[in-house]
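From a predicted model like this one, the values you see are computed outputs, not experimental measurements.
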Amino acid sequence: QVQLVESGGGLVQAGGSLRLSCAASGRTFSTYAMGWFRQAPGKEREFVAAISCRGRNTDFADSVKGRFTISRDNAKNTVYLQMNSLKPEDTADYYCAADSRCWVVTGNSNSYDYWGQGTQVTVSS
């Protein structure tokens, strides 16, 4: 069992930056690939970024490439999403998720076994 808690959301102006954190419980964090997803009001949940268990492989949605980075600190059981050059269309609830397949980096939400409760990000124009 893995419990995930996101933090770092908030209100920011367009062009600004935020860093989201996702803290995981348990001793097996380093065996999970991690992902970030988001869901805007009235829209379906969409993939944002993913990182393999040791951080060697990453993947990003086209809409955030070049603006967002994903990283992890396995010693701290935490994965991060650094969001730069934010746009109003980035406004959403952001969720982190854990995939027990260590080396898989995927945008398929069905692959993930555990989910956090989400943190809200609002980008004003």
Side-chain angles (χ1 to χ4, degrees):
Q1 188 79 10
V2 176
Q3 293 185 327
L4 305 172
V5 179
E6 302 94 335
S7 62
L11 174 64
V12 63
Q13 289 188 333
S17 297
L18 281 175
R19 187 177 80 157
L20 305 183
S21 299
C22 173
S25 65
R27 301 178 181 178
T28 60
F29 176 74
S30 63
T31 67
Y32 285 83
M34 299 296 295
W36 285 96
F37 291 77
R38 67 187 182 186
Q39 187 167 18
K43 295 188 177 181
E44 294 186 353
R45 182 171 54 191
E46 65 175 1
F47 169 70
V48 177
I51 188 167
S52 59
C53 59
R54 303 298 169 85
R56 294 176 183 173
N57 299 314
T58 60
D59 192 22
F60 297 89
D62 289 342
S63 59
V64 305
K65 281 181 181 176
R67 299 188 298 122
F68 290 12
T69 58
I70 187 171
S71 61
R72 64 190 297 158
D73 185 339
N74 286 345
K76 296 183 178 180
N77 281 11
T78 303
V79 62
Y80 304 97
L81 184 69
Q82 178 66 44
M83 306 186 295
N84 298 328
S85 302
L86 282 162
K87 304 175 181 180
E89 51 263 45
D90 294 317
T91 295
D93 291 327
Y94 283 71
Y95 300 87
C96 69
D99 185 337
S100 59
R101 300 180 300 167
C102 178
W103 300 107
V104 172
V105 176
T106 179
N108 181 357
S109 61
N110 292 325
S111 179
Y112 291 83
D113 305 289
Y114 302 101
W115 291 82
Q117 294 299 307
T119 186
Q120 187 174 57
V121 172
T122 303
V123 184
S124 63
S125 57

S.K.: Taking the side chain as everything from C-beta on, heavy atoms only, tell me whether S109 gets closer than 4.5 Å to F47.
M.R.: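 No - every pair of side-chain heavy atoms lies 4.5 Å or more apart.
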S.K.: Is any side-chain heavy atom of Y114 less than 4.5 Å from a side-chain heavy atom of Q1?
M.R.: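 SC-SC contact between Y114 and Q1 confirmed.
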S.K.: Under 4.5 Å between any side-chain heavy atoms of Y32 and I51, yes or no?
M.R.: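 Counting from C-beta outward, Y32 and I51 never come under 4.5 Å.
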S.K.: Do F60 and R67 come close enough that some side-chain heavy atom pair is under 4.5 Å?
M.R.: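 No - every pair of side-chain heavy atoms lies 4.5 Å or more apart.
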S.K.: Is there a path from L86 to F37 through hydrophobic residues (I, L, V, M, F, W, Y) whose side chains come within less than 4.5 Å of each other?
M.R.: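 Per the 4.5 Å side-chain linkage, L86 and F37 are not co-clustered.
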S.K.: Say whether, by atom type as modelled, one donor and one acceptor occur between the side chain of R72 and the main chain of S52 under 3.5 angstrom.
M.R.: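 Yes; judged by distance alone, with no hydrogens or angles, the pair exists.
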S.K.: Taking transitive links into account, so neighbours of neighbours count too, which hydrophobic residues share a cluster with Y80 at under 4.5 Å side-chain distance?
M.R.: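 Its cluster mates, by chain and number: none.
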S.K.: Sorted by first residue and then second, give each salt bridge (Lys or Arg N to Asp or Glu O under 4.0 Å) pair with at least one member in residues 113-125; sequence neighbours left out.
M.R.: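 Output for this query is empty, none listed.
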S.K.: Counting heavy atoms not belonging to Q3, are there more than 12 under 6.0 Å from its CD?
M.R.: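 Result for CD/Q3: open.
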S.K.: When you compare the side chain of L20 with that of E6, does any pair of heavy atoms fall below 4.5 Å?
M.R.: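 Sidechains of L20 and E6: no contact.
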S.K.: Could you go step by step and tell me if D90 and K87 meet the salt bridge (charged side-chain N to carboxylate O under 4.0 Å, His left out) rule?
M.R.: CA-CA 5 Å; D90 294 317; K87 304 175 181 180; over 6 Å; no
S.K.: Would you list the pairs meeting disulfide (SG to SG under 2.5 Å) in which at least one residue belongs to residues 65-96, sequence neighbours left out?
M.R.: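 Of all non-adjacent pairs touching residues 65-96, those that pass disulfide (SG to SG under 2.5 Å) are C22-C96.
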S.K.: Going only through I, L, V, M, F, W and Y residues with side-chain contacts under 4.5 Å, is there a path from V105 to V64?
M.R.: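 No: no chain of side-chain contacts under 4.5 Å links V105 to V64.
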S.K.: So, do R45 and W115 sit near enough that their side-chain heavy atoms are less than 4.5 Å apart?
M.R.: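 Yes, at least one pair of side-chain atoms sits under 4.5 Å.
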S.K.: Is it true that a side-chain atom of T31 and a backbone atom of T28 form a donor plus acceptor pair closer than 3.5 Å?
M.R.: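 Indeed, once roles are kept as given, a pair shorter than 3.5 Å links the two residues.
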S.K.: Give a yes or no on whether V48 and V12 share a hydrophobic cluster (residues Ile, Leu, Val, Met, Phe, Trp, Tyr; joining criterion: side-chain heavy atoms under 4.5 Å apart).
M.R.: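 Yes; tracing contacts between hydrophobic side chains, which count when under 4.5 Å, links both residues.
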S.K.: Just by modelled atom types, is the V123 backbone N or O under 3.5 Å from a matching donor or acceptor in the T91 side chain?
M.R.: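 Side chain of T91 to backbone of V123, a donor-acceptor pair under 3.5 Å: yes, one is there.
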S.K.: Using only atom types and a distance under 3.5 Å, with no angle test, would you say the side chain of S125 pairs donor to acceptor with the backbone of P88?
M.R.: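 Absent.
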S.K.: Are side-chain heavy atoms of M34 and Y112 found at a separation under 4.5 Å?
M.R.: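 The answer is no, as the side chains (C-beta and beyond) never meet within the 4.5 Å cut-off.
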S.K.: Within the 4.5 Å heavy-atom criterion, are L4 and Y95 side-chain neighbours or not?
M.R.: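 They are not in side-chain contact.
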S.K.: Got a donor-acceptor contact below 3.5 angstrom from the T78 side chain to the K76 backbone?
M.R.: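 Flag set: sc T78 to bb K76 pair under 3.5 Å.
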